[in-house]
There are 2 protein chains.
Amino acid sequence: MKLPPLNALRVFLVAAEHHSFTKAGETLHLTQGAVSRHIQTLEAHYGLPLFVRQARGLTLTPEGVALFPAVRDAFSRIEAASEAISRRSRELRVKASPSIASRWVLPRFTQFRNRYPDLMVSLVTVTGFDPNFKSREYDISFQACETQEPGLIYHRLRGARFVPVASPDLFKDKPRPTMAQFMEYPLLHPSHEDQFWSQWFALSGMNPGNSIEAYAFDTLDLAITAASRGMGITLAEESMIADDLANGTLVQLSDVALVTSWAYYLIYPQELATLPSVIAFRDWALAEFSDTPPAPASRAQ
Amino acid sequence: MKLPPLNALRVFLVAAEHHSFTKAGETLHLTQGAVSRHIQTLEAHYGLPLFVRQARGLTLTPEGVALFPAVRDAFSRIEAASEAISRRSRELRVKASPSIASRWVLPRFTQFRNRYPDLMVSLVTVTGFDPNFKSREYDISFQACETQEPGLIYHRLRGARFVPVASPDLFKDKPRPTMAQFMEYPLLHPSHEDQFWSQWFALSGMNPGNSIEAYAFDTLDLAITAASRGMGITLAEESMIADDLANGTLVQLSDVALVTSWAYYLIYPQELATLPSVIAFRDWALAEFSDTPPAPASRAQ
DNA sequence: GTTTACCATGCATAAAATTCATGGAGCAAT
DNA sequence: ATTGCTCCATGAATTTTATGCATGGTAAAC
C-alpha cells in the first residue's frame, strides 16, 4: 500500500473546504506558508496540481475535486471511530445493589470523582444481576456471588459477615439485651426470606420459636436504616455499618457473626480490563473496600 | 475536527495486521522501536491501550479492534482515490483522424514517448469527432474544424492548404503536366465529395468538365498514398507531404494552393488543462505541428 | 535454568515541518 | 495607468518530530 502523505491530506482537506490557504492556516493553527508547502508536497506526490491558483481565489482541479470526497469520508470515518473509543475511556458505569450503593459506594464516590475529574462515572443501582454483562448497561459491578462465570474478572472484596445491631435509643435506660433477650424486641429481617436470623440463632445455639415480632425489608440497607431509627434489631453486614458504629447511631449487640458462604466481588468483563477507567476504578475500589490489602500489581485475584 | 496522529494510524494498521511490531517494522521499513513509539503516540492520544502485549504475541484490545476496520477502510478509500487520480496523470489518449495519425503523429510519436517514458500515451484513430469529449474515449484531439465549442481549449496548429501532387513515376520520361494537362491523368479525390478538385480548378480559372477519370478515397491519407504509388494526381494537404516531397516519393505539380476556411486544431476539455500529461503533449504538439512558433508561455491561442 | 522472541526505552542523529520575512502575480478602484 | 490589496510561493533558519541503535526487561518454551 502506497499512501500519500497523510498530514498533507488533512491540510488539503481544510484548504479545499476554505478555498484558501490562508484561512486553512488559521483553522489549522499554521501559517499560510506551511499550508502552501503541504499542498506542494501532495501535488508533488501525485505529480499533478490539485488547486488552480488564481488571484481571485482558489479552485480545485478535477483531480482535486476527485480527491476531496475520498479524503473527507476517510477522515470522518477515522474521526467517528476515534470518538467512539475515546468516549469509552472517559465514561464508566458502575453497578451496585441499593445496599452497596448507599453503604459503600456513595459515601466515598465524590472522593473517586475528585481523583479522576475527567472521568464521567455514573452509578447504576439495580437489583438483580446480569451475570454476563450482556445488557451492557454497566461496565463494572459490585456483586455478592458464589460462583464465577467465564469471561468475567472477579476481585474478591470481602466475605459477608452479619452481626446483630440496633439503635442505642431502642433500649433507652434499659441494659442492652443479651442474645436470649433479642426476642423481646422486633427483629428486622434484611431480606424477605428468613435465612439470616434463623441461621444466626442456630449459630448461637438458640431456638427463637415462631412467636417473635419481625419486619422484613427489601434490602440490607433498608433494614439497617430501620434499625438506626430504633425500629428493632437487625442483622447487618459488618462493612456496611462501620460509620454507624463509629458515630453511635448503631451499637453491636453480639460478637457472634454469621459468616455466609458467599462474598462480595468487584466484577467486570475481561474485554474491559484494558480500559483505563476500569483500571482506575478497580484499583480504587480494591483499596477502599477490600478487607485484604490489594496485591502490589493490582492483578486479578 | 480533531484527528489522531495519522502516520501513527498507518503504523497501527500494519502492526494490527501482523500482530507484531517487529514484522510491521519490516513491512514499513522501520525499526521495531519506531513502530513501538508510533503505537505509544496513538495510545497516548486516546488515553488507552490498543494492544495487549504478551510475550507470546500481540493482541488488540477491544478498542483496537474497533479502530482497526475504520482505519483500514479509511486508508483504502484514500488509496483508491489516489490511484485513480495518479493514473490520470500517467495516461494520455490522443485522438486523431487516420490522415493526421499516419501523416503527423505516428512518424514523430516515438520521439514523444522517448521524452516522456513514464507516460502511457495511446493514439486513438477514429473518424468523426465527439465535439464535447463526452464519450471520454480520448483526452486530447487533433481536429480540423471551423467553429469552437465552449468548455474546450483550442490551439490552432495551421490552416489547411491543398496542392496537387503525384508520384514522379506517373509521368515516366514525359514532362510534368501543366494544370491544363491534369485531366489526362486520373484525379484522386481525397474525399467522397467533389469539393477539393472543383474548388481548386475554380481557383485556377479552369473548368475540367465531367469527363475526367477520378477515384475517391475515404481519407486524405489514402489519396496521398495512392498518388505516391502512381495512381494519379491528388490534392494533398501541404503539411502531410513534407516527407514525401523531401525524399522524392511525390512531386508538387503547381504552386496554386487551395486554402480552405477551416484549420487544424489541437483540442482538449478545459478541465484537463491542468493535467501534466495534457500539458506535456500540448507543448510538444504545438512545437512540432504548428506553422507558427508557439507563444513563449504556451498559452491557448 | 537457559534460551528465545518480543516489546520498551534512553540517547544521539537525521529528517521534516514550521516560521519568518519577502517576493510576485492578478484584480479592483482611483 | 497607477496604486493598493489580497493571496500564494519561497529561501533560510529553527524547532519539532521521527528514526535508528543499542540495550534492557519480561514471559514463554525447551
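We name chains A, B, ... by the order of the sequence lines, and we start the count at 1 in each one.
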Would you find more than 12 non-hydrogen atoms of other residues, nucleotides or ligands less than 6.0 Å from A:Arg161 atom CZ?
no
Among D:dA9, C:dT18, D:dC21, which nucleotide sits nearest the side chain of A:His38?
C:dT18
Nearest-Å distance, CD (B:Gln40) to C1' (C:dG10)?
12 Å
Report the nucleotide, chosen from C:dA17, D:dG20, C:dT19, that has the shortest atom-to-atom distance to any side-chain atom of B:Ala34.
D:dG20
Taken to the nearest whole Å, CG/A:Leu6 to C1'/D:dT17 is 16 Å
N/O donor-acceptor pair under 3.5 Å between A:Glu17 side chain and A:Phe12 backbone:
no
Whole-Å distance separating the NE2 atom of B:His29 from the C1' atom of D:dT19
15 Å
Looking at every strand, decide which applies to A:Thr22 at a 4.0 Å heavy-atom threshold: base, sugar-phosphate, or nothing.
sugar-phosphate
Anything under 30° is parallel, anything over 60° is perpendicular, the rest tilted; go ahead and classify B:Trp284 against B:Phe109.
tilted
In whole angstrom, what separates A:Leu50's CG from D:dC8's P?
15 Å
Among the nucleotides C:dC7, D:dC21, C:dC20, whichever has the atom closest to the side chain of B:Thr31 is D:dC21
Please state how far atom NZ in A:Lys23 lies from atom C1' in D:dT6, giving the value in whole angstrom units.
11 Å
Nearest-nucleotide pick for A:Arg53, side chain only, options being C:dC7, C:dT19, D:dA9
D:dA9
Should the pair A:Arg53-A:Glu43 be classified as a salt bridge under the 4.0 Å nitrogen-to-oxygen rule?
yes
Separation of D:dT17 C1' from B:His45 NE2 (nearest whole Å)
17 Å
Against the side chain of A:Leu30, the closest entry in C:dC6, C:dA8, C:dT18 is C:dT18
With distance as the sole criterion, do the side chain of B:Arg37 and the base of D:dT17 form a donor-acceptor contact below 3.5 Å?
no
